[in-house]
Amino acid sequence: MILSRNFYKRPVQTVARELLGKRLVRQIEGNFAAGYIVEAESYDGEQDQACHARCGRTHRNAMMYGEAGRAYVYFTYGMHWMLNCVCGNDGYPAAVLIRAIHPVEGFDLMSKNRPGIKESLWCDGPAKLTKALEITGELNGIDLCDPISPLKIEDGIDIPVNTIQTSARIGIQSTPEPWLSMPWRFFTIIPENFKEQV
DNA sequence: TCTTCGATTGTCT
DNA sequence: GACAATCGAAGAA
């Protein structure tokens, strides 16, 4: 089942934690690929000094203020795309950065986009998974709750609570405390040999 | 295995 | 004009 919009209309930390194990599905002209989310970070409102919305609403971050359950895709470092899920109520800027997934379907598509790279390294970083799944700014604002959307998130596997770990967020070095140390990164580990049983 | 560093461009001040 | 929610190659150990 595809995740409902109400799933995203909750505190962003809750959404980030519960996204672990969910199934990210990318459809491209009949082809599709999917993976289970294994790492996510939450960004929570204008007061969060690590959040793109810390300086208020701009053209770039406008999507974060919009409807929950949509994708916020942005470009950074001159070459990388990042995928986020918009959360919380309309008008409140919050989103979950999808940092890593565990590939389970569409290996041909991902290997095509990540040539010469080991499978375990295809999607183990936020810019890596967007490249493997061909996620770019064209998908900014796409509805993740729509069954016919080219990018959506469905129910996946249960992640035992005791395997979920947290840490400070990554790559936000110039962020002041307490935001720098907020334990808003959630991750788990799915065994290397894990394959979907269906 | 670890650390360092260059790439490269949209966005905001 | 500065910098960015990063990656991957290269070199050292």
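Below, chain A is the first sequence line, B the second, and so on; all start at residue 1.
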Base C/dA5 to side chain A/Y74, donor-acceptor N/O within 3.5 Å cut-off: yes
Whole angstrom value for the distance that separates C1' of C/dA4 from OH of A/Y72: 11 Å
Pairing stems for DNA chain C [at least three consecutive pairs; Watson-Crick or G-U; under 3.5 angstrom]: B:1-7 with C:6-12, B:9-12 with C:1-4
Exceeds 12 heavy-atom contacts within 6.0 angstrom, atom CD of A/Q173: no
Where A/D90 and A/A68 come nearest, the two heavy atoms and their spacing: OD1-N, 4.0 Å
hbond_proxy A/H80 side chain to C/dA4 base (donor-acceptor, 3.5 Å cutoff): no
Interatomic distance where CD1 belongs to A/I117 and C1' belongs to C/dT6 [whole Å]: 14 Å
Side-chain donor/acceptor of A/R57 to backbone N/O of A/G91, under 3.5 Å: no
Rounded distance in Å - CZ (A/R185) to P (C/dT6): 11 Å
Donor-acceptor pair, side chain of A/W122 and main chain of A/I117, under 3.5 angstrom: yes
Sugar-phosphate, base or nothing in reach of A/K131, heavy atoms under 4.0 Å: nothing
Sugar-phosphate only, base, or nothing, as touched by A/L97 at under 4.0 Å among non-hydrogen atoms: base
A/L83 CG - C/dT6 P separation (whole Å): 14 Å
5′-ward residue of the pair A/R114/A/A95 relative to DNA chain C: A/A95
Aromatic plane relationship, A/W179 with A/W184 - under 30° parallel, 30 to 60° tilted, over 60° perpendicular: tilted
Salt-bridge criterion met for A/R99 and A/E41 (N-O under 4.0 Å): yes
Nearest listed nucleotide, side chain of A/M79, among B/dA7, C/dA5, C/dG8: B/dA7
Stepwise side chain to side chain contact (heavy atoms under 4.5 Å, CB included) test for A/I172 and A/Y43: CA-CA 11 Å; A/I172 55 169; A/Y43 292 85; 4.0 Å; yes
Value rounded to 0.5 Å, distance of CD in A/E18 from OH in A/Y8: 11.5 Å
Touch class at under 4.0 angstrom, heavy-atom based, for A/A127 against every strand present: sugar-phosphate
Sugar-phosphate only, base, or nothing, as touched by A/S174 at under 4.0 Å among non-hydrogen atoms: sugar-phosphate
Interatomic distance, A/N84 CG vs C/dA4 P [rounded to whole Å]: 17 Å
Of the listed nucleotides C/dA5, C/dG8, C/dT6, the one nearest the side chain of A/P126: C/dT6
A/R70 to A/Y72, cation-pi by 6.0 Å centre distance and 45° axis angle: no
Heavy-atom check, side chain of A/V73 versus side chain of A/T130, under 4.5 Å: no
Whole-Å distance separating the CG atom of A/D124 from the C1' atom of C/dA5: 16 Å
Whole-Å distance separating the CD1 atom of A/I170 from the P atom of C/dC7: 10 Å
Check nucleotides 10-12 of chain B against the protein and report each pair of N or O atoms closer than 3.5 Å, with its distance, or say if there are none.
residue : atom : partner : partner atom : Å
B/dC12  : OP1  : A/T58   : OG1          : 2.3
B/dC12  : OP1  : A/R60   : N            : 3.2

Spacing between A/Y77 atom OH and C/dC7 atom P, to the nearest angstrom: 9 Å
